[in-house]
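All figures in this text were calculated on a predicted structure; none of them were measured in a lab. Labels below follow one simple rule: chain letters A, B, ... track the order of the sequence lines, proteins then strands, and each chain is numbered from 1. The figures that follow rest on heavy atoms only: side chains count, while hydrogens, waters and symmetry mates do not.
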2 protein chains.
Amino acid sequence: MTGAPTRWGRMLEEAGIRTTSQRLLVLDGLGRHRLPVSAQQIHAELHEQGERVGLTTVYRTLTSLAAAGLVHTFTQAGEIVYRLCGPAKHHHLICRSCGLVIERVEEEAMAGFRAEEVYGTCATCAGTS
Amino acid sequence: MTGAPTRWGRMLEEAGIRTTSQRLLVLDGLGRHRLPVSAQQIHAELHEQGERVGLTTVYRTLTSLAAAGLVHTFTQAGEIVYRLCGPAKHHHLICRSCGLVIERVEEEAMAGFRAEEVYGTCATCAGTS
DNA sequence: CAATGAAACGATAATGGATTTCATTGCTGT
DNA sequence: ACAGCAATGAAATCCATTATCGTTTCATTG
């Protein structure tokens with residue numbers, strides 16, 4: 001695990017998480033998706049592509065990545081889904097219809113309420129283009 | 001089930017849901033809470049007060065009430081919670097810290113995005129009074 | 001380069017909220 | 001009263017997630 005650290009390796013290093021092949025695989029799996037994905041889905045995709053990573057490890061990795069702030073978690077249809085997020089402080093607009101996630105940097109305080117996650121319908125799905 | 005319909009009875013009637021004693025009990029249980037509550041909690045409270053309503057029925061009742069738009073559902077810590085809501089079209093601000101729910105009638109479209117549920121931190125909890 | 005201890009891994013079992021099943025009960029309209 | 005249908009609820013089932021625990025990997029030390 002020595003040598004030129006890849007993009008994922010650098011991320012883990014900076015977050016103080018030891019780099020392992022399994023964690024790199026999970027990050028790689030995450031990185032292929034723009035929309036949030038579940039731990040089960042990542043596990044299944046890794047399995048399909050011939051990689052052997054335990055489901056437990058996928059869950060553990062995602063949890064520590066979330067704790068480190070590298071990924072954000074949402075809840076969709078009763079399951080936890082994960083998404084790689086940029087480092088800038090931001091909140092999210094999540095479309096309930098298509099799953100689209102928009103990262104918003106601006107602070108939008110509504111009546112003193114600090115928004116962190118906004119669920120709703122995106123312009124495309126609302127037909128209000 | 002004939003005679004003077006109570007507040008709950010009227011609500012069910014208008015929603016096209018047949019009035020039963022169990023459904024009235026569930027509505028009554030809901031009505032005692034300002035913050036969202038889980039089906040299990042309602043079931044436990046009814047049981048404590050000596051009422052015999054099956055957990056299944058509590059779930060079914062809450063689901064149909066939600067379908068009729070009389071209650072709104074949220075997700076907290078992996079479980080579904082329910083809250084009686086006013087009839088006016090509105091969206092919600094939900095504080096992740098204290099659970100407070102604010103009903104907002106105004107339309108706040110952000111960049112074409114129609115907000116339905118906003119999770120975040122309320123003014124009190126943020127100390128930003 | 002072997003020994004050591006800590007961290008990580010992963011198969012399996014356990015947990016717990018939610019749903020389905022199905023036999024029974026109770027309305028409702030004729 | 002009666003047929004038909006909706007509602008009920010105990011038990012079984014589902015399924016995502018977490019806990020357990022023996023094994024493996026890795027960095028460090030002698």
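Between His72(A) and Phe74(A), the angle of the ring planes lies from 30° to 60°, which puts this pair in the tilted group.
Rounded to whole angstrom, the span from the CD1 atom of Ile17(B) across to the P atom of dC5(D) amounts to 21 Å. At whole-Å resolution of the value, CG in Leu46(A) and P in dG10(C) are 11 Å apart. dC26(D) atom P lies 9 Å from atom CZ of Arg18(A), rounded to whole Å. Rounded to an integer number of Å, the gap from CG of Leu62(A) to P of dG10(C) is 13 Å. Remark: C1' of dA6(D) and CG of Leu12(B) are 15 Å apart, rounded to the nearest angstrom. The distance from atom CG of Leu24(A) to atom P of dA8(C) is 14 Å, rounded to the nearest whole Å. Between the CD atom of Glu13(A) and the P atom of dA27(D) there is a distance of 12 Å, rounded to whole Å. Computed from coordinates, the Leu25(A) CG to dG10(C) C1' distance equals 14 Å when rounded to whole Å.
Remark: Thr20(A) is not in phosphate contact with dA8(C), judged by side-chain N or O atoms under 4.0 Å from OP1 or OP2. Residue Arg23(A) places at least one side-chain N or O under 4.0 Å from the OP1 or OP2 atom of dC9(C). Applying the 4.0 Å criterion to OP1 and OP2 of dG9(D), one finds that Thr57(B) has a side-chain N or O inside that range. Close to dA18(C), at under 4.0 Å from its OP1 or OP2, lies a side-chain N or O of Tyr59(B).
Within the nucleic acid shown, Leu55(B) has no heavy atom closer than 4.0 Å to any nucleic acid atom. Heavy atoms of Arg60(B) sit under 4.0 angstrom from at least one base atom. Here Gln22(B) lies in heavy-atom contact (under 4.0 Å) with sugar-phosphate atoms only.
Among Thr57(A), Leu46(A), Leu27(A), the single residue meeting the side-chain contact (heavy atoms from CB on, under 4.5 Å) criterion with Gln22(A) is Thr57(A).
Panel note: side chain Arg104(B), backbone Leu93(B); no donor-acceptor pair is recorded below 3.5 Å.
Going from atom CD1 of Ile42(A) over to atom NE2 of His33(A) covers 6.5 Å, rounded to the nearest 0.5 Å.
Between the side chains of Glu13(A) and Thr19(A), not a single donor N or O lies within less than 3.5 Å of an accepting N or O.
When both distances must be under 3.5 Å, the Watson-Crick or G-U wobble mate of dT15(C) is dA16(D). dT29(D) is paired with dA2(C) under the criterion used here, namely a Watson-Crick or G-U wobble arrangement in which both key atom distances are under 3.5 Å.
Residue Thr56(B) places a side-chain atom within donor-acceptor reach of the base of dA10(D), judged by atom type and a 3.5 Å distance cut-off alone.
Here the side chains of His92(A) and Glu103(A) are in contact, with some heavy-atom distance below 4.5 Å.
Of the two residues contacting DNA chain D, namely Thr63(A) and Arg52(B), the nearest-nucleotide position lying further toward the 5' end is that of Arg52(B). Of the two residues contacting DNA chain D, namely Ile80(A) and Thr61(B), the nearest-nucleotide position lying further toward the 5' end is that of Thr61(B). Each of Gly54(A) and Gln40(B) lies near DNA chain C, and the nucleotide nearest Gly54(A) is the one positioned closer to the 5' end.
Checking dG9(D), dG17(C), dG10(C) against every side-chain atom of Glu79(B), the shortest atom distance belongs to dG17(C).
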